[in-house]
Amino acid sequence: MKDVPEQQADSHGHPLRSCLQPAEIYMHVADGGRDKTKNSVLRESVLGILAGCFIGFGFSTCMLAAGQLSPDYRKAEPGMFNLLFGAYGFPVGLSMCVINGASLFTSNIAYMAAGCIQRKASVTQGLYIIVLSYFTNLAGSLLLAEFMVAGHVFHQREAFTIELALKKTSASFGATLTKGILCNWLVCMAVWQGNAAQDVTGKLLGIWFPISAFVTMGFEHSVANMFVIPLAIRLGAPLSVSTFIVKNLIPATLGNLIGGAVFVASMYGLAYGDLETAVNSAAAAVWARLTRRLIRGGGSRGSSDSLSDRADAYVAALPTTVAKGGQV
């Protein structure tokens with residue numbers, strides 16, 4: 001009988017298959033958060049600048065392709081325009097970040113939140129990576145915007161960029177915040193799926209659809225806006241830097257933080273990580289305390305037995321570490 005070869009594993013010890021299982025993706029992302037804390041300041045800074053540039057390249061493609069359709073066509077066929085605008089361009093930017101390696105603020109939120117939940121990184125380390133990537137992404141975005149202006153890339157094609165920047169700074173704080181949440185929910189899911197795939201083709205497909213969806217629906221990505229709106233200002237948009245920061249960048253950034261940390265990392269932490277154990281442990285303790293109070297309150301013997309049986313059944317159904325009162 002032939003020996004069955006051992007299954008190969010990646011650098012994090014996860015099996016090498018065409019696609020990781022959901023729980024493995026979560027742990028892979030948490031391990032990625034831990035790995036980021038080991039990078040030098042120089043490496044993280046360089047990768048952060050590259051990420052800002054990559055996102056700018058992607059959004060430039062959107063604006064120079066679908067964005068150059070005539071205003072009459074965009075008004076007459078808004079659905080088709082949004083589809084074209086989302087389908088080609090921005091996915092290029094994120095795929096370069098994931099496949100080639102870059103430190104993107106919006107995806108770092110999920111990486112570091114998962115790493116903190118799993119205690120693979122401290123909160124201080126998580127905040128350090130997130131803040132560093134935010135400002136290095138800004139530097140990369142501004143650098144690429146200056147290259148675009150110097151190269152006259154948008155010469156006589158600047159109308160749509162200015163129109164888009166004015167639109168992005170005209171919404172209410174709450175609307176931009178909400179669109180920021182929805183944006184990074186999808187962006188982090190794209191990164192999640194990119195991490196799930198173990199080959200380049202799978203990564204591209206995993207990234208493409210969620211990113212296309214967020215751009216099509218017009219959500220707010222803070223790093224993309226670090227490029228688009230300053231570029232529009234340099235191209236002649238009647239906007240001030242303070243208007244950009246207050247009306248767009250602050251609410252979009254806060255929304256991105258909530259979307260990545262709460263709706264992606266924390267949700268999967270509840271499903272597959274230490275948050276699940278912590279919540280189950282707390283629930284078991286509350287249930288046991290409640291049943292003891294009811295029993296001491298003088299209920300009938302039959303109801304006391306029933307409550308005790310339910311409490312025992314609940315605890316028995318929990319993961320072994322919780323049922324035994326283990327550490328979480």
Side-chain angles (χ1 to χ4, degrees), residues 36 44-63 85-86 89-113 126-148 161 164-165 167-169 176-177 179-192 194 207 210-215 217-234 241 244-261 264-265:
K36 285 178 178 289
E44 275 298 309
S45 297
V46 170
L47 294 176
I49 292 170
L50 286 174
C53 293
F54 292 163
I55 295 301
F57 280 129
F59 220 88
S60 293
T61 307
C62 297
M63 295 187 293
F85 190 72
F90 202 83
V92 174
L94 189 67
S95 64
M96 285 195 291
C97 289
V98 172
I99 294 172
N100 299 312
S103 188
L104 181 63
F105 164 73
T106 45
S107 58
N108 280 348
I109 295 168
Y111 277 113
M112 300 318 301
L127 290 174
Y128 160 73
I129 294 295
I130 289 170
V131 171
L132 179 61
S133 62
Y134 186 80
F135 287 103
T136 52
N137 288 177
L138 175 61
S141 298
L142 296 177
L143 175 65
L144 187 68
E146 288 302 316
F147 275 124
M148 292 291 179
T161 303
L164 183 61
K167 181 180 178 181
K168 284 178 172 292
T169 53
T176 302
L177 174 74
K179 287 193 284 187
I181 293 171
L182 296 170
C183 167
N184 211 31
W185 193 341
L186 286 174
V187 169
C188 289
M189 289 313 305
V191 172
W192 222 258
I207 291 166
I211 294 301
S212 295
F214 113 68
V215 178
M217 290 185 277
F219 297 154
E220 296 289 346
H221 190 277
S222 58
V223 180
N225 294 344
M226 291 175 185
F227 170 77
V228 173
I229 300 177
L231 174 63
I233 293 172
R234 293 284 282 112
V241 173
F244 160 51
I245 293 172
V246 174
K247 294 286 290 181
N248 181 274
L249 190 58
I250 291 175
T253 299
L254 293 174
N256 290 169
L257 284 165
I258 296 168
V264 180

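Computed from a predicted structure; not experimentally measured.
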Residues 90-98, side-chain donor-acceptor partners within the protein, below 3.5 Å, at least two apart:
{"unit_1": "Ser95", "atom_1": "OG", "unit_2": "Pro91", "atom_2": "O", "d": "3.0"}
{"unit_1": "Ser95", "atom_1": "OG", "unit_2": "Val92", "atom_2": "O", "d": "2.8"}

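The two residues Ala224 and Phe59 have their closest heavy-atom pair at CB-CD1, 3.9 Å. Contact detail for Cys188 and Ser107: the closest heavy-atom pair is SG-CA, 4.3 Å. The two residues Trp192 and Ala110 make their nearest non-hydrogen contact at CZ3-CB, 4.1 Å. The shortest non-hydrogen separation linking Pro251 to Val246 is CD-O, 3.5 Å.
With values rounded to the nearest 0.5 angstrom, Ile207 atom CD1 is found 5.0 Å from Ile99 atom CD1. In this structure, CG on Leu177 lies 4.5 Å from CD1 on Ile181, to the nearest 0.5 angstrom. Atom OG1 of Thr136 sits about 11.0 Å away from atom CZ of Phe105, to the nearest 0.5 Å. Rounding to the nearest 0.5 Å places NZ of Lys36 at 7.5 Å from CG of Leu47. Remark: Ile229 CD1 to Lys167 NZ distance equals 12.5 Å, nearest 0.5 Å. Considering CG of Asn184 and CD1 of Ile109, their distance stands at 5.0 Å, rounded to 0.5 Å.
At a threshold of 4.5 Å between non-hydrogen side-chain atoms, the residues Leu257 and Ile130 count as touching. Side-chain contact check for Ile250 versus Ile245: some heavy-atom pair is nearer than 4.5 Å. Using a 4.5 Å cut-off on side-chain heavy atoms (C-beta onward), Lys179 and Met217 make no contact. Using a 4.5 Å heavy-atom threshold, the side chains of Lys168 and Asn225 count as touching. Using a 4.5 Å cut-off on side-chain heavy atoms (C-beta onward), Phe227 and Leu144 make contact. Residues Leu138 and Leu142 have side chains in contact (heavy-atom distance under 4.5 Å, counting atoms from C-beta outward). With a 4.5 Å cut-off on side-chain heavy atoms, Ile129 and Glu44 count as touching. The side-chain heavy atoms of Val131 and Tyr134, taken from C-beta on, include no pair separated by under 4.5 Å.
Counting non-hydrogen atoms of other residues, nucleotides and ligands closer than 6.0 Å to OH of Tyr128 gives a total above 12.
Evaluation of the side-chain contact (heavy atoms from CB on, under 4.5 Å) rule for Cys183 yields Val187, Phe214, Phe219, His221, Asn256 as partners, not counting sequence neighbours.
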task: Just do the side-chain contact (heavy atoms from CB on, under 4.5 Å) check on Leu104 and Ser133 with the steps written out, would you?
output: CA-CA 6 Å; Leu104 181 63; Ser133 62; over 6 Å; no
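When only modelled atom types and interatomic distance are considered, Asn248 and Thr176 share no side-chain donor-acceptor pair under 3.5 Å.
Within the 3.5 Å criterion, the main-chain N or O of Leu249 finds no donor-acceptor partner in the side chain of Ser222.
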